[in-house]
Asks: 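Okay, here's the structure, questions in a sec.
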Amino acid sequence: MSETALRIIGADHTGITVSNLERSLVFWRDVLGFELSHTAHQKGELAREITGVEGAEIKLAVLKTPDGHKIELLEYLAPADRKRANLRPCDVGSVHVALLVDDLADTHQRT
C-alpha cells in the first residue's frame, strides 16, 4: 500500500432499501430494540444528490445499534419505475447485516 493510499478508519452506517418504512421500523425498533435516531423525507435536488437517482423521493429512518453503528432504512416513493428484486443470498446485490446478541435462542423466539 502506498503512503497516499486511502485508509478506512471505520464504518458510519449500513443503508437498506425497504418497501414499507413503518413496517420495517416495527421490526428494527420494536422487535430488535434499536434506538430511533431520526427520520427524514427528502426529494428534489437533495435526494438526487444523496442517492444518485434522478427524480428520487425518499422517506428514511436512522436507527442506532448499541455499539454506535447506524442502520439507515430507506423507502423510495419515487421514481415510479423502481423495481422489486427477489434476490437470493448468492445473487449480486444481496446484502446481510450480522448482529451480535447475548442469547440467540431467546432472540430467535421473540422474533
Side-chain angles (χ1 to χ4, degrees):
M1 202 189 305
S2 74
E3 293 286 324
T4 59
L6 173 69
R7 293 190 179 152
I8 304 298
I9 59 171
D12 181 70
H13 71 275
T14 301
I16 303 171
T17 301
V18 299
S19 61
N20 182 297
L21 184 59
E22 292 307 316
R23 186 176 62 227
S24 296
L25 276 172
V26 167
F27 176 72
W28 288 90
R29 180 191 58 214
D30 302 341
V31 174
L32 295 180
F34 284 29
E35 178 187 346
L36 179 63
S37 171
H38 63 278
T39 61
H41 184 170
Q42 299 170 337
K43 58 184 177 179
E45 183 59 26
L46 179 60
R48 187 202 60 74
E49 200 173 295
I50 291 170
T51 65
V53 176
E54 195 64 45
E57 179 179 358
I58 54 176
K59 291 190 311 187
L60 66 91
V62 177
L63 299 125
K64 293 182 192 175
T65 66
D67 70 352
H69 188 76
K70 295 180 282 287
I71 302 292
E72 182 180 52
L73 303 175
L74 304 113
E75 178 184 351
Y76 280 77
L77 306 174
D81 66 342
R82 61 197 182 280
K83 300 172 187 155
R84 178 180 290 265
N86 291 315
L87 299 175
R88 301 168 300 164
C90 61
D91 294 333
V92 174
S94 175
V95 176
H96 76 269
V97 176
L99 304 173
L100 301 173
V101 298
D102 61 355
D103 186 338
L104 184 59
D106 179 62
T107 302
H108 185 260
Q109 188 166 359
R110 288 188 295 133
T111 58

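For clarity, every value in this text was computed on a predicted model and none was experimentally measured.
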Asks: Between T51 (side chain only) and A47 (backbone N and O only), is there a donor and an acceptor less than 3.5 Å apart?
Replies: yes
Asks: Hey, quick one: are I58 and L73 part of the same hydrophobic cluster, counting side-chain heavy atoms closer than 4.5 Å, chains of contacts allowed?
Replies: no
Asks: If you compare all heavy atoms of A78 against all heavy atoms of G55, which two are closest, and at what distance to 0.1 Å?
Replies: CB-O, 3.4 Å
Asks: Among H96, H69, E72, whose side chain to side chain donor-acceptor pair (under 3.5 Å) with T14 holds?
Replies: H69
Asks: Do L21 and L36 share a hydrophobic cluster (ILVMFWY, side-chain heavy atoms under 4.5 Å, transitive)?
Replies: yes
Asks: Is the backbone N or O of S24 less than 3.5 Å from a side-chain atom of R29, with the two atoms forming a donor-acceptor pair by type?
Replies: no
Asks: If we only count heavy atoms from C-beta on, is the V62 to H13 side-chain gap below 4.5 Å?
Replies: no
Asks: Is the number of heavy atoms from other residues, nucleotides or ligands under 6.0 Å of K64 NZ greater than 12?
Replies: no
Asks: Roughly how far, to the nearest 0.5 Å, is NZ of K59 from OG1 of T39?
Replies: 9.5 Å
Asks: Give a yes or no on this: more than 12 heavy atoms of other residues, nucleotides or ligands lie within 6.0 Å of atom CG of L100.
Replies: no
Asks: Rounded to the nearest 0.5 Å, what's the gap from CG on L25 to CG on L63? Could you check?
Replies: 6.0 Å
Asks: Please list, chain by chain and in numerical order, all residues satisfying salt bridge (Lys or Arg N to Asp or Glu O under 4.0 Å) with E45, sequence neighbours excluded.
Replies: R48
Asks: Check whether V26 and L60 end up in the same hydrophobic cluster, where Ile, Leu, Val, Met, Phe, Trp and Tyr are linked by side-chain heavy atoms less than 4.5 Å apart.
Replies: no
Asks: Would you compute the distance between atom CD1 of I71 and atom CG of L99 and round it to the nearest 0.5 angstrom?
Replies: 7.0 Å
Asks: So which atom in E22 and which in N20 form the shortest heavy-atom distance, rounded to 0.1 Å?
Replies: N-OD1, 3.2 Å
Asks: Suppose we screen for side-chain contact (heavy atoms from CB on, under 4.5 Å). Which residues come up paired with D81, at least two apart in sequence or across chains?
Replies: P79
Asks: As an exercise, state the distance from CZ of R82 to CD of E57, rounded to the nearest 0.5 Å.
Replies: 9.0 Å
Asks: Could you state whether V101 and F27 fall into the same hydrophobic cluster, counting links through intermediate Ile, Leu, Val, Met, Phe, Trp or Tyr residues with side-chain heavy atoms under 4.5 angstrom apart?
Replies: no
Asks: Please round to the nearest 0.5 Å and tell me the distance separating atom NE2 of H41 and atom CG of L77.
Replies: 5.0 Å
Asks: Starting at CD of E35, measure out to OG1 of T65 and round the result to the nearest 0.5 Å.
Replies: 10.0 Å
Asks: Please answer: with hydrophobic residues joined when any side-chain heavy atoms are less than 4.5 Å apart, are L74 and L32 in the same cluster?
Replies: no
